[in-house]
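Below is one structure, written out as structure tokens; comments come after it.
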Amino acid sequence: MLCLLLTLAACGHKPLPHILLTVDSLASAAPDSAVALLKQPEVKRALTSQDAAMYYQLLTVKAADKAYLLHTTDSVILRVVDYYERKQDKQHLPEAYYYAGRVYRDLGDAPQALDYFERAIQALPEGEASILKGKIYSQTGTLFLYQDMYEEALKMFKLSYDCNIKVNNIYSQVLNLRDMADAYRGNNQMDSAIYYYQKASDVAQQNNLTNYMYIVQSQLAGIYIQLGKYSLAWKAFQYGKQHKHRASQSGLYSIATKLYFYTGKNDSAAYCCEQLLKFGTIYAKRTAHWYLAQIAAQNKNAEETLEHIAKYNLYVDSIQQLKNRESIRKMHALYNYKLRENENIRLKAENERKQAIVYYTIGIG
């Protein structure tokens, strides 16, 4: 026994450097600070083991993701995933899979992103709720939402919501409710969408999460524009526009563009469109060119109208290339099939174990 203990001690891994643990805790609360800290010489001097070096690589991806920096390569995260797979590291592998999914989502590879999100769920303890599990379900739902797979998206958002209820993560509960509303809206179930947007706003207000309430109110403004209820849209937008986070600016300017255009304020709508062309998402830039074309047409400027329509069509084609619904449906169906097969194998093994106990008991008797 003494020899065994000495052998295990000799093979044990050094604890991870405290400064890396500090970076990890900063990544969610202050991601820009985490990104900056990772570049400091004292952090790199702490990388005295392969475990520390790989954890550092994982943190570079995590901090960049939290800081809304677009991932442009999968080289780092693939090295991290390979390392934790070979080590069968149950602590870090689920998170590595999750961030691999985030990287591939940024790279526009939805099927690969889905594969890693589903691997991440499989790597977590079954039946145990956690903040990470809630994030994985939420990101899977968002991926389905962008593929117009609204029923699948709603199922994932509800699973995420259940996780966040269990771990008392109020912030994510608000976003889950907002996401459920988005799925209902995509499925043209407007009453349900408004209900969940309002519920999300109420939960945010009850817990003094002002910025989260602003986010949801901006979404409410969007659905009211869609329904032609412009007075309600203006009221919701007055709340929503107070949210200054950079991740929300593309959505806010998109909503403002529509609201200004449909209420006859074309100059303000055009200004918002120009801002979207500078920093908006691919979806927002498509929106900007569409409304700039409408404004140009109203001004009887045929050349400018055709120019914006051509650019709008280019963005439509680009977005269509990002959609891979059939591949994703097949992958998700295969994943669910594997889950059922694994469950059948588990139940069969459990029944065989119970039968063995019965036979053993009879034998003793």
Qualifying salt bridge (charged side-chain N to carboxylate O under 4.0 Å, His left out) pairs with a residue from residues 170-194, counting only residues at least two apart or across chains | Arg178-Asp182
Check whether the ring centres of Trp234 and Tyr260 lie less than 6.0 Å apart, and answer yes or no.
-> yes
Kindly assign one of parallel, tilted or perpendicular to the pair Tyr315 and His289, based on the angle between their ring planes and the thresholds 30° and 60°.
-> parallel
Close side-chain approach of [X] to [Y], heavy-atom, < 4.5 Å:
X: Ile121; Y: Tyr137; value: yes
X: Glu85; Y: Tyr97; value: yes
X: Asp109; Y: Pro111; value: yes
X: Ile136; Y: Leu124; value: yes

Step by step, would you call Gln40 with Ile19 a side chain to side chain contact (heavy atoms under 4.5 Å, CB included)?
-> CA-CA 11 Å; Gln40 297 305 310; Ile19 195 166; over 6 Å; no
Would you please test Asp162 and Lys166 for salt bridge (Lys or Arg N to Asp or Glu O under 4.0 Å) and show each step?
-> CA-CA 6 Å; Asp162 289 343; Lys166 289 175 183 175; over 6 Å; no
Between Tyr150 and Asn188, is any side-chain donor less than 3.5 angstrom from a side-chain acceptor?
-> no
Under 3.5 Å, is there a donor-acceptor pair between the Asp202 and Gln198 side chains?
-> yes
Flag the pair Glu151 and Lys155 as a salt bridge only when some basic side-chain nitrogen lies within less than 4.0 angstrom of an acidic carboxylate oxygen.
-> no
Residues Asp82, Arg86: salt bridge by 4.0 Å N-O rule | yes
Do Thr60 and Gln57 pass the side chain to side chain contact (heavy atoms under 4.5 Å, CB included) test, and can you show the C-alpha distance, the side-chain angles, and the key distance before you say yes or no?
-> CA-CA 5 Å; Thr60 61; Gln57 295 290 335; 4.3 Å; yes
Would the number of heavy atoms belonging to other residues, nucleotides or ligands and lying under 6.0 Å from CD of Gln226 be above 12?
-> yes
Just list the side-chain donor-acceptor pairs under 3.5 Å for residues 269-282, sequence neighbours left out, or say none.
unit_1	atom_1	unit_2	atom_2	d
Thr281	OG1	Tyr283	N	3.4
Thr281	OG1	Ala284	N	3.1

Considering residues at least two apart in sequence or located in another chain, which fulfil the ring pair (Phe, Tyr, Trp, His ring centres under 6.0 Å) criterion with Tyr116?
-> Tyr104
Minimum heavy-atom distance Thr73-Leu107, with the two atoms named = N-CD2, 4.0 Å
Could you tell me which non-hydrogen atom of Ala193 sits nearest to which non-hydrogen atom of Tyr184, and how far apart they are?
-> N-CB, 3.8 Å
